[in-house]
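Counting from 1, the numbers follow the sequence of the chain as shown. First listed ligand is number 1; within each ligand, the first listed atom is number 1.
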Amino acid sequence: MADLPNKARVVIIGGGVIGCSVAYHLTKKGWNDVVLLERKQLTSGTTWHAAGLIAQLRATANMTKLAKYSQELYGELEAETGVATGFKRNGSITVALTEERKEEIYRQAAMARAFGVEVHEISNERVAELYPHLNVEDVKGAVHLPLDGQGDPANIALALAKGARQRGGIVKERTKVTNIVRQGRKVTGVDWASDDGSESGHIECDMIVNCAGMWGHEVGRMSNTNVPLHACEHFYIVTESIDGLTQLPVLRVPDECAYYKEDAGKILLGAFEPNAKPWAMKGIPDTFEFDQLPEDFDHFEPILEAACERMPMLAEAGIHTFFNGPESFTPDDAYHLGLAPEMDNVWVAAGFNSIGIQSAGGAGHALAEWMDSGEKPFDLGDVDISRMQPFQGNKQYLFERSKETLGLLYADHFPFRQKATARGVRRTPFHHHLKENGGVFGEIAGWERANWFAREGQTPEYEYSWKRQNFFDNVAEEHNAIRTNVGMYDMSSFGKIRVEGPDACAFMNYIGGGQYDVPVGKIVYTQFLNSRAGIEADVTVTRMSETAYLVVTPAATRLADETWMRRNQGNFDVVITDVTAGEGVLAVMGPNARKLLQMVSPNDFSNEVNPFGTAQEIELGMGLARVHRVTYVGELGWEIYVSSDMAGHAFEVLHEAGQDLGLKLCGMHMMDTCRIEKGFRHFGHDITAEDHVLEAGLGFAVKTDKPDFIGRDAVLRKKEEGLKNRLLQFKLTDAEPLLYHNEPVIRDGEIVGYLCSGSYGHHLGAAVGLGYVPCEGETAAEVLASTYEIDVMGTRVKAEASLKPMYDPKSERVKV
Ligand SMILES: NCCCC(=O)O
């Protein structure tokens with residue numbers, strides 16, 4: 001094809017709305033050799049049949065920010081490109097039919113407000129005014145977003161494609177990528193063939209972007225990258241024209257799994273039902289183009305029945321279209337964006353979980369910024385493709401999980417809600433011990449982790465709520481055991497990465513902000529920084545020998561942290577190896593932790609031999625282990641690393657000896673309540689790529705007296721310029737309300753930020769949280785002199801603020 005070049009800076013694979021958005025935004029950044037290849041016609045996979053709702057109230061902070069950008073962009077797109085996008089800001093209403101749902105939407109509304117989204121809690125009378133056809137009798141609460149809207153999905157994509165073409169981008173239809181050519185960790189080009197097979201060729205390129213939607217998994221495999229997503233059947237109906245129907249806002253009734261869109265006097269009614277139907281386990285037919293799947297009225301009927309009660313005029317309306325089309329869903333219901341960890345020039349924007357149109361503007365913008373600058377423009381943790389684990393590409397796993405994820409879009413998003421499907425893939429060596437003792441499990445990165453322990457006679461299951469949940473008192477007891485006696489919990493899910501070789505010390509000193517030229521056995525708490533001194537990883541590094549270090553990462557970021565090291569390895573002579581599965585880890589924490597260890601080991605755990613921040617090899621029972629004296633709960637304690645074969649023995653020995661001391665088995669929820677009380681930061685919440693290490697209050701971990709490490713200049717600059725934000729700890733003055741994170745922080749009456757972490761401080765006796773507040777030009781005393789409130793579902797609750805942890809501010813307890 002004469003119109004395709006032999007070379008391009010980037011080849012975008014897939015011409016749905018996200019591919020078009022990436023092309024649009026890259027060309028806007030001045031990239032003029034952008035090629036987008038679409039196997040059939042633009043939008044012919046999923047985009048064409050999307051409902052086209054443009055909503056800003058999303059489940060997470062990032063997704064809300066990006067959706068807000070989409071809404072703003074689509075408002076201008078028609079004027080810019082001349083393509084009628086059908087976008088109108090007719091607003092949206094979400095109604096709650098239960099008190100629990102009301103709390104959810106009010107909390108979401110409060111979060112959205114912290115990001116500048118206009119949102120109002122409205123009465124039933126106002127709902128009836130805005131949506132006169134609705135039965136509101138049982139409505140418990142509602143929110144209205146006047147700037148939300150709807151548009152024509154295909155035309156939004158075509159407008160984005162036109163914008164890209166106007167700036168020199170090439171958008172080529174009927175051209176399939178048949179092969180992706182690679183060398184080491186890089187793609188060097190793509191082979192293509194025309195749809196009719198008459199032509200083929202090769203484009204050499206610097207990078208590719210996988211925007212292949214429901215084909216994303218397959219395109220991922222072609223490029224040696226893991227893109228976990230699976231297509232599910234998504235159902236909606238469109239009625240015949242209904243007399244007297246005037247323009248209506250978009251309506252969501254999540255408790256009935258339904259959304260409603262009025263368009264040209266017809267109603268589109270769509271469903272996110274709890275038991276979805278995954279599609280195309282054996283692959284998507286090659287001929288797929290603007291195709292529909294067979295209707296399944298029995299499957300849709302319960303939704304339609306409830307809808308006819310909710311909006312009685314529907315019962316009278318004829319059904320014009322019964323639609324069933326495939327859309328892709330990811331294991332955690334968040335989309336995939338960013339640089340695939342397995343390769344250094346394969347980008348991904350796929351798996352939009354039925355919110356592609358409303359997300360594409362913001363996601364394309366963010367990805368283009370990232371590709372252009374080489375660094376994440378802001379925190380994108382909850383959508384970053386590197387959060388996915390290798391096993392999550394397993395087709396059987398994806399099939400099982402996607403039955404649930406479609407429905408999760410409208411399910412109650414209770415705090416701590418765990419996925420119910422596709423569980424049990426990764427178990428720690430202590431799994432059955434914990435289960436036998438009442439452990440109630442949650443899942444992270446596929447790991448089954450005991451989150452709390454049920455008492456004897458108590459059903460070991462979650463009962464979800466936005467109020468105090470059924471495990472609140474259990475966690476309070478576990479928290480209390482850690483603060484006053486001794487508790488034990490399983491941390492085997494830690495990522496464990498060995499860095500070994502002649503340059504190990506030099507490499508660590510380049511990659512991390514700490515000082516790693518330390519004696520063997522020393523543990524360094526540290527961050528990996530980006531060039532802006534934003535935090536890419538939060539890890540502990542133990543010197544194992546002259547030439548070896550063990551980098552311990554949070555479970556969810558093992559792959560991302562390992563990838564960061566590999567990408568920055570340069571010419572350092574080191575070998576980086578994931579050794580996560582080799583060792584189980586038990587944390588023994590609390591004032592009696594030393595006493596317990598002395599009962600099971602002949603080794604010396606005194607401050608002289610094993611001070612805070614050091615590790616030692618020990619005998620444990622009849623086996624061996626290595627103990628690291630560190631803490632994430634703010635007490636005296638050790639993490640015990642034990643090879644998987646001896647892990648069961650170690651548990652039994654510790655558990656049995658602990659009975660005399662009143663040892664309590666504890667879970668991950670306790671760890672979170674304790675660490676927030678102690679002001680310890682959590683990566684992904686309080687510290688991210690966007691947060692400067694000094695503003696995060698972690699300057700103590702950064703050693704600028706060493707010559708060269710990533711982020712050093714930005715640390716020095718910030719020291720000169722002064723801080724723009726500070727991370728404060730908050731405690732509500734009322735013991736009743738609960739914090740879950742994302743609640744707006746109000747300073748002297750104005751919203752200035754939001755909580756990045758929130759939980760209950762069982763020792764401090766009220767909910768506690770962490771959050772950044774702007775402080776440019778202010779002293780710490782001035783920042784603290786203000787009055788603070790936290791917006792808890794629309795109610796402002798007074799809060800105390802502190803720069804130092806409110807619990808044990810001098811950290812005396814950890815060093816006893
Ligand atoms: N594709 C349907 C989107 C549903 C929603 O925005 O709530």
Trainee: Just let me know how Q56 lines up against ligand 1, side chain, backbone, both or neither, with a heavy-atom cut-off below 4.0 Å.
Mentor: neither
Trainee: Under a 3.5 Å cutoff, is there a donor and acceptor pairing between the side chains of N226 and Q392?
Mentor: no
Trainee: Nearest heavy-atom pair of I12 and C211: which atoms, and what distance?
Mentor: CG2-SG, 3.8 Å
Trainee: Heavy-atom contact check, 4.0 Å cutoff: does Q358 meet ligand 1?
Mentor: yes
Trainee: Do the two ring centres, one from F323 and one from W48, sit under 6.0 Å apart?
Mentor: yes
Trainee: Can you tell which part of R252 has a heavy atom less than 4.0 Å from ligand 1: side chain, backbone, both or neither?
Mentor: side chain
Trainee: Which protein non-hydrogen atom lies closest to atom 4 (C) of ligand 1, naming both residue and atom, and how far is it?
Mentor: Y410 OH, 3.5 Å
Trainee: So, do H25 and Y69 have ring centers that fall under 6.0 Å from each other?
Mentor: yes
Trainee: Does any N/O atom on E327 come nearer than 3.5 Å to any N/O atom on ligand 1?
Mentor: no
Trainee: Would you mind checking if E404 and R423 are paired as a salt bridge, meaning a charged N to carboxylate O distance below 4.0 Å?
Mentor: no
Trainee: Based purely on interatomic distance, does Y259 place a nitrogen or oxygen under 3.5 Å from a nitrogen or oxygen of ligand 1?
Mentor: no
Trainee: Report yes or no: do S386 and D384 form a side-chain donor-acceptor pair below 3.5 Å?
Mentor: yes
Trainee: Check whether any heavy atom of K261 sits under 4.0 Å from an atom of ligand 1.
Mentor: no
Trainee: With a 4.0 Å cut-off on heavy atoms, is A50 in contact with ligand 1?
Mentor: no
